[in-house]
Number of protein chains: 2
Amino acid sequence: MTPQQQFEAQLGTLIDKLTLLSKAQLEAQLNGYKAAEVHTIQYIGDHPTANVTQIAKAQYVTRGAVSKMTQRLMKRGLIQRYQKPDNKKALYFRLTPAGEKIYQIHAQLSRGFQQRDQSVFENVAPAEIQATLAFLEHYNQHLTQEITKRGLEK
Amino acid sequence: MTPQQQFEAQLGTLIDKLTLLSKAQLEAQLNGYKAAEVHTIQYIGDHPTANVTQIAKAQYVTRGAVSKMTQRLMKRGLIQRYQKPDNKKALYFRLTPAGEKIYQIHAQLSRGFQQRDQSVFENVAPAEIQATLAFLEHYNQHLTQEITKRGLEK
DNA sequence: ATTTTTTTGTTGACAAAGAAACAAAAACAG
DNA sequence: CTGTTTTTGTTTCTTTGTCAACAAAAAAAT
């Protein structure tokens, strides 16, 4: 197995495991709210001046998906829509108090995830972590080039 | 930003970029076949003795999803269902010649992805790669423990 | 200033996946 | 063996997302 193949394999299982763990936690704590809903609430909470298109790009989904999701969240009273006086087309969103509550619970869960894995970052040699970060950066740079080369950027 | 937060951020964009690139490639080359279909064909090709439950566990989806997908692939003549004489319940699958063709195209594409990123693994210091692999292993070990602790294993 | 092009958001038809309820078969317990 | 429990796969309903066609508004071109 080449290092490249090893990397792919390790990355694959890592993602699977992180997904498994966070999904279970989210479901347990945010009963009644779906993962995609919470995800959008979190993004709007962090970016209260983002319009539909920007939310879509950031979450790697289509504008249609965001349009439907924001309508659903409005119906459930979790977000509010607003516009700026100088533009009748772009739509922006902010959290209602009810949405804010979800946002806070999610933020707390995120802190929990971080604490859960903190020991790994504390007990591994700092050089190993630094090398990993450097490598991921290198890989990301390469992929950015490839994306540009193919004209696939968002 | 703590190293842990940096890691999360780098990992997030890495995954987004890899997804973007491979999706575009798959769609371009395997026109008419969805990513999920190809994924299942590939798994069946590699594991011709896996039943529905095993396919589901390996791909982190529900048995229902696999049930539907295999039915679809059968209708399209890409896979065949078979049973073992001593068990009337478990279902197994193998590729038809048409499915084999998809499998081969996918395999070729995978080699293409590998070549696309090969330069990263060639031009980065071996020590950096080794440290990265070591770190991912450490992280994976930790997550395995956490999954076991919570009784979430597949 | 008017026309053309691009951006922005929505909609409807459809595809993929999850969850829960279910039936059939297999495994197990006594 | 017989009855109970577990495993296996399917089905229905719901959630989430894509895609493509569309209308309205904004931006760019001339």
Side-chain angles (χ1 to χ4, degrees), chain A residues 16 19-20 22-24 26-28 30-44 49-76 78-93 152-154, chain B residues 16 19-20 22-24 26-28 30-41 43-44 49-76 78-79 81-93 152-154:
Chain A
D16 286 344
T19 307
L20 186 67
S22 68
K23 223 191 127 194
L26 278 175
E27 276 171 13
L30 283 167
N31 219 289
Y33 297 97
K34 306 287 167 183
E37 295 173 342
V38 176
H39 196 199
T40 305
I41 287 171
Q42 188 241 325
Y43 187 83
I44 290 175
T49 64
N51 63 15
V52 171
T53 300
Q54 286 170 321
I55 297 173
K57 280 184 182 170
Q59 306 206 336
Y60 286 84
V61 296
T62 61
R63 283 172 299 157
V66 173
S67 177
K68 288 169 188 169
M69 180 57 75
T70 51
Q71 287 177 48
R72 191 136 61 92
L73 293 176
M74 280 191 293
K75 276 190 199 119
R76 301 201 187 172
L78 299 169
I79 63 173
Q80 248 180 9
R81 193 163 70 179
Y82 70 97
Q83 303 202 54
K84 295 184 183 170
D86 57 324
N87 189 315
K88 290 162 196 163
K89 199 164 52 149
L91 301 178
Y92 307 91
F93 305 90
L152 293 172
E153 48 270 298
K154 291 192 291 187
Chain B
D16 285 344
T19 306
L20 186 66
S22 68
K23 221 190 130 194
L26 277 174
E27 276 170 14
L30 284 167
N31 219 288
Y33 297 96
K34 307 282 171 185
E37 295 172 343
V38 177
H39 195 201
T40 306
I41 287 171
Y43 186 83
I44 290 174
T49 64
N51 62 17
V52 172
T53 301
Q54 286 169 320
I55 297 173
K57 280 183 184 170
Q59 307 207 332
Y60 286 84
V61 295
T62 60
R63 284 172 299 159
V66 174
S67 176
K68 290 168 194 167
M69 179 59 75
T70 51
Q71 286 178 49
R72 190 135 62 91
L73 293 176
M74 281 192 292
K75 275 188 200 123
R76 302 202 187 171
L78 299 169
I79 63 173
R81 194 165 67 179
Y82 70 96
Q83 301 203 54
K84 294 185 183 170
D86 57 322
N87 189 316
K88 290 163 197 165
K89 199 164 52 150
L91 300 179
Y92 307 91
F93 305 89
L152 293 172
E153 49 272 296
K154 287 192 294 184

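Proteins get letters first, then strands, A, B, ... in listed order; numbering begins at 1 in each.
With sequence neighbours left out, the side-chain hydrogen bond (donor to acceptor under 3.5 Å, both in side chains) criterion links Gln71(B) to Ser67(B). In this structure Ser22(B) satisfies the side-chain contact (heavy atoms from CB on, under 4.5 Å) test together with Phe113(B), sequence neighbours excluded. Under the side-chain contact (heavy atoms from CB on, under 4.5 Å) criterion, Glu37(A) pairs with Tyr33(A), Lys34(A), Met69(A), Arg72(A), Leu73(A), Arg76(A), sequence neighbours left out. Partners of Ala65(B) by side-chain contact (heavy atoms from CB on, under 4.5 Å), not counting sequence neighbours, listed by chain and number: Val61(B), Thr62(B). For Arg81(A), there are no salt bridge (Lys or Arg N to Asp or Glu O under 4.0 Å) partners at least two apart in sequence or on another chain.
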Fill in the blank from the handout: Per-nucleotide protein contact along nucleotides 5-14 of chain D, 5' to 3', at a 4.0 Å heavy-atom cut-off (B base, S sugar-phosphate only, - neither), is --BBBBBBB-
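Between Asn87(A) and dA26(D), a side-chain N or O to OP1/OP2 separation shorter than 4.0 Å is present. Phosphate proximity of dT18(D) to Thr62(A): present, with a side-chain N or O under 4.0 Å from OP1 or OP2.
Nucleotide dT15(D) holds its P atom 15 Å from the NZ atom of Lys23(A), rounded to whole Å. Atom pair Leu73(A):CG and dG9(C):P shows a separation of 16 Å (rounding to whole Å applied). Between the CD atom of Gln59(A) and the P atom of dT18(D) there is a distance of 10 Å, given to the nearest Å. The interatomic distance linking Met69(A) (CE) with dT10(C) (P) rounds to 14 Å, in whole Å. Put simply, CD on Glu37(B) is 13 Å from C1' on dC14(C), counting in whole angstrom units. Whole-Å rounding puts the Asp86(A) CG to dA25(D) P distance at 15 Å.
Asp16(A) and Tyr60(B) make their closest contact through OD2-CE1, 3.1 Å (heavy atoms, listed as atom of the first residue, atom of the second, distance). Across all non-hydrogen atoms, the minimal contact from Thr70(B) to Ile79(B) is O-CD1, 3.6 Å. Closest of all the heavy-atom pairs between Thr49(B) and Gln54(B) is O-OE1, 3.7 Å.
Looking at the side chain of Lys34(A), the nearest of the listed nucleotides dT15(D), dG17(D), dA16(C) is dT15(D).
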Contacts under 3.5 angstrom, residues 86-93 of chain B side chains, donor-acceptor by atom type, not counting sequence neighbours:
unit_1: Asn87(B); atom_1: OD1; unit_2: Lys89(B); atom_2: N; d: 2.7
unit_1: Asn87(B); atom_1: OD1; unit_2: Ala90(B); atom_2: N; d: 3.0

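Residue contacts shown for Gln83(A) are absent, as no nucleic acid heavy atom lies under 4.0 Å away.
Summary for the helix from dA1(C)-dT30(D) to dG30(C)-dC1(D): the axes at its two ends, each from 5 pairs, differ by 30° when rounded to the nearest 10 degrees.
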